[in-house]
> 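Just passing along the structure, written as structure tokens.
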Amino acid sequence: MRTLSWPLPQTLAGSFRTLLGKHAGGFNDEVITKLLSIPVHGPLPLHNDNLYLPRPFDLVASEVAAYRSRPNPNPAPGASTNSPALLSCVTALPPDLDHQFKPIYLPPFVSLPWMTKWLLEAPLPDSAFLPAPPIETRTHASLNADTGAAEDHLLYTTEGLACPEGLQMICRTDPSPLIEVNGAINQLHPLGGERRLAHWLTGTLCNARWSCPLDIRQALSTSRHIRLVLATPGMFSAGWLPGWLANNKFVPGTRVRLRLISACVERWQAISGWNLRRGSEFGPKAIRRLVPSGSVYFCELVEPESTADAAGQLAAHWLQSVSDSDQDANDGFGLALWGIWSDHHA
């Protein structure tokens, strides 16, 4: 059994709702309906009390510099893209850069201060990257009770994430209107397919961790070029493209309408699972395709004269879901980070 490098939102939401159901005294159709309607937004890494976010895909770096991928309606000769014809090509490197340039590997997470500067197109702070948790492999065997020897063909391995000291997963939720919880949660409860134990704690987080930074709010109010970065994988009705963006609708939860200019999206992720609800829904879930976290959408305001009003609405929708489906939004898919972009590349 293999593991992902970081749990999917559905994994965290399912485990947490199971924990809440146990607090509610068990599961029936009414309780399950209430549990599914509880929004669970996460998981995000918290390392030594500092919030980290997925590394954005519009970042290309060498050993000496970082470059910003940006829409370019006039790419260099020979440049190509697999984006739809109406979208601009995305280019990252200045034309005078050495042709032998090779990008370096970067860890998957960046700190909130670093991401804030990146979304503002401001000078970047010192390196603030966080590696993924190491993968721990365990070997298992089935022993014959009579002989004590390993049974033939019953040797297998499993993988799991071994979170180092100082690393936590955090999420945002409020089950109180639907499920009564007597006191704060402070207990061990399984997380993931191998049912490895996690220590679950509830508490009041600093608003700064989940609220839009003031500098970004101010920048949004003066720019018609809006950048959307996914903090968790997205689940969209139009595949790699949010359905509301493809159909010229409002950003979910706002009255802001955006037009897509270009995008940086990597390969899709598969997600499935097993539905434990008894009845016609019981059994394996169909495979769906996720847009990976870190994907970037370059947009512009359809009504640029209302930038100040749009800025307030987008800032209020910081780390809120932009998924098309209400259930996907409740499960924490497609949490949004907002920023600005310009035409320069370095």
Side-chain angles (χ1 to χ4, degrees), residues 3-6 44-83 88-136 161-167 213 215-216 219 225 227-233 240 261-269 291-298 337-346:
T3 182
L4 300 174
S5 59
W6 189 254
L44 297 176
L46 188 71
H47 185 250
N48 293 333
D49 210 35
N50 296 309
L51 180 64
Y52 283 78
L53 299 162
R55 172 176 48 82
F57 291 162
D58 58 346
L59 167 65
V60 179
S62 68
E63 294 181 353
V64 297
Y67 301 93
R68 297 180 172 92
S69 299
R70 292 294 176 266
N72 186 354
N74 300 303
S80 63
T81 178
N82 60 356
S83 299
S88 297
C89 180
V90 172
T91 58
L93 306 179
D96 57 347
L97 194 69
D98 188 339
H99 69 280
Q100 295 183 349
F101 169 85
K102 291 183 179 180
I104 61 172
Y105 166 79
L106 294 171
F109 300 109
V110 296
S111 68
L112 176 59
W114 189 99
M115 178 65 84
T116 299
K117 295 295 185 182
W118 184 257
L119 293 172
L120 291 171
E121 298 200 324
L124 298 173
D126 293 336
S127 178
F129 293 92
L130 179 70
I135 294 177
E136 178 185 77
L161 299 182
C163 292
E165 185 175 355
L167 178 62
D215 290 348
I216 290 182
H225 286 172
R227 193 164 23 137
L228 164 61
V229 180
L230 296 183
T232 57
W240 66 272
I261 302 300
S262 195
C264 290
V265 180
E266 293 193 357
R267 289 180 180 270
W268 57 272
Q269 291 179 267
V291 179
S293 57
S295 295
V296 183
Y297 298 87
F298 300 95
L337 304 169
W338 303 100
I340 61 173
W341 61 276
S342 58
D343 294 331
H344 65 83
H345 289 69

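From a predicted model like this one, the values you see are computed outputs, not experimental measurements. For reference, positions follow the sequence shown, starting with 1.
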> State the OG-CZ distance between Ser262 and Arg227, to the nearest 0.5 angstrom.
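Spacing of OG (Ser262) from CZ (Arg227) equals 12.5 Å.
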
> Among residues at least two apart in sequence or on other chains, which ones pass side-chain contact (heavy atoms from CB on, under 4.5 Å) with Pro103?
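For Pro103, the residues satisfying side-chain contact (heavy atoms from CB on, under 4.5 Å) (neighbours in sequence not counted) are Val60, Phe101.
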
> Are Pro233 and Pro292 close enough that some pair of their side-chain heavy atoms sits under 4.5 Å apart?
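Of all side-chain heavy-atom pairs linking Pro292 with Pro233, none is under 4.5 Å.
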
> Using the test salt bridge (charged side-chain N to carboxylate O under 4.0 Å, His left out), find all partners of Glu266 that sit at least two apart in sequence or belong to another chain.
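Counting only residues at least two positions away or on another chain, Glu266 forms no salt bridge (charged side-chain N to carboxylate O under 4.0 Å, His left out).
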
> Under the side chain to side chain donor-acceptor pair (under 3.5 Å) test, which residues partner Asn48, sequence neighbours left out?
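Scan of Asn48 (side chain to side chain donor-acceptor pair (under 3.5 Å), adjacent residues dropped) gives none.
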
> Which residue is it: Val296, Ile216, Leu119, Leu230? I am looking for the one with a side-chain contact (heavy atoms from CB on, under 4.5 Å) to Leu337.
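In the set Val296, Ile216, Leu119, Leu230, the residue that makes a side-chain contact (heavy atoms from CB on, under 4.5 Å) with Leu337 is Leu119.
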
> Is Trp118 close to Arg55 at the side-chain level, that is, under 4.5 Å between some pair of heavy atoms?
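Arg55 vs Trp118: side chains apart.
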
> Should Arg70 and His225 count as side-chain neighbours, where that means a heavy-atom distance under 4.5 Å?
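Not in contact.
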
> Distance from Asp215 atom CG to Leu120 atom CG, nearest 0.5 Å?
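These two atoms lie 6.0 Å from each other.
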
> Among all residues two or more places apart in sequence or in another chain, which pass the side-chain contact (heavy atoms from CB on, under 4.5 Å) test with Leu4?
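Per chain and number, Leu4 pairs via side-chain contact (heavy atoms from CB on, under 4.5 Å) with Leu8.
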
> Rounded to the nearest 0.5 Å, how far apart are CG of Leu167 and CG of Leu130?
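Output value for this atom pair is 6.0 Å.
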
> Of all residues at least two apart in sequence or in a different chain, which pass the side chain to side chain donor-acceptor pair (under 3.5 Å) check with Trp338?
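In terms of side chain to side chain donor-acceptor pair (under 3.5 Å), with neighbours along the sequence ignored, Trp338 is linked to no residue.
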
> Who passes ring-ring contact (aromatic ring centres under 6.0 Å, His included) against His47, sequence neighbours left out?
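Result, ring-ring contact (aromatic ring centres under 6.0 Å, His included) vs His47: none returned.
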
> Which heavy atom in Val90 sits nearest to a heavy atom in Ala263, and how many Å separate them?
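In terms of heavy atoms, the two residues are closest at CG2-O, 3.7 Å.
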
> With sequence neighbours left out, write down each residue that passes side-chain contact (heavy atoms from CB on, under 4.5 Å) with Ser5, or none if nothing qualifies.
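In terms of side-chain contact (heavy atoms from CB on, under 4.5 Å), with neighbours along the sequence ignored, Ser5 is linked to Ala132.
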
> Give me the atom names and distance for the closest heavy-atom approach of Leu44 to Ala231.
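Shortest heavy-atom separation between Leu44 and Ala231 comes out as CD2-O, 3.8 Å.
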
> Checking side-chain contact (heavy atoms from CB on, under 4.5 Å) for the pair Tyr297/Val291: CA distance, chi angles, key distance, verdict?
CA-CA 12 Å; Tyr297 298 87; Val291 179; 3.5 Å; yes

> Can you name the residues that form a side chain to side chain donor-acceptor pair (under 3.5 Å) with Glu136, not counting sequence neighbours?
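Residues passing side chain to side chain donor-acceptor pair (under 3.5 Å) with Glu136: Arg138, Arg196.
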
> Could you list the residues that satisfy ring-ring contact (aromatic ring centres under 6.0 Å, His included) with Phe298, not counting sequence neighbours?
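Scan of Phe298 (ring-ring contact (aromatic ring centres under 6.0 Å, His included), adjacent residues dropped) gives Trp341.
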
> To check you understand the geometry: which heavy-atom pair defines the closest contact between Tyr52 and Ala128, and what is its length?
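Residues Tyr52 and Ala128, closest heavy atoms: CE2-O, 3.6 Å.
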
> With sequence neighbours left out, write down each residue that passes side-chain contact (heavy atoms from CB on, under 4.5 Å) with Thr3, or none if nothing qualifies.
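By the side-chain contact (heavy atoms from CB on, under 4.5 Å) rule, Thr3 matches Ile135, Glu159, Leu161.
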
> Please tabulate, for the side chains in residues 108-117, all donor-acceptor contacts under 3.5 angstrom to protein atoms that are two or more places apart in sequence or on a different chain.
{"residue": "Ser111", "atom": "OG", "partner": "Trp114", "partner atom": "N", "Å": "3.3"}
{"residue": "Thr116", "atom": "OG1", "partner": "Leu112", "partner atom": "O", "Å": "2.8"}

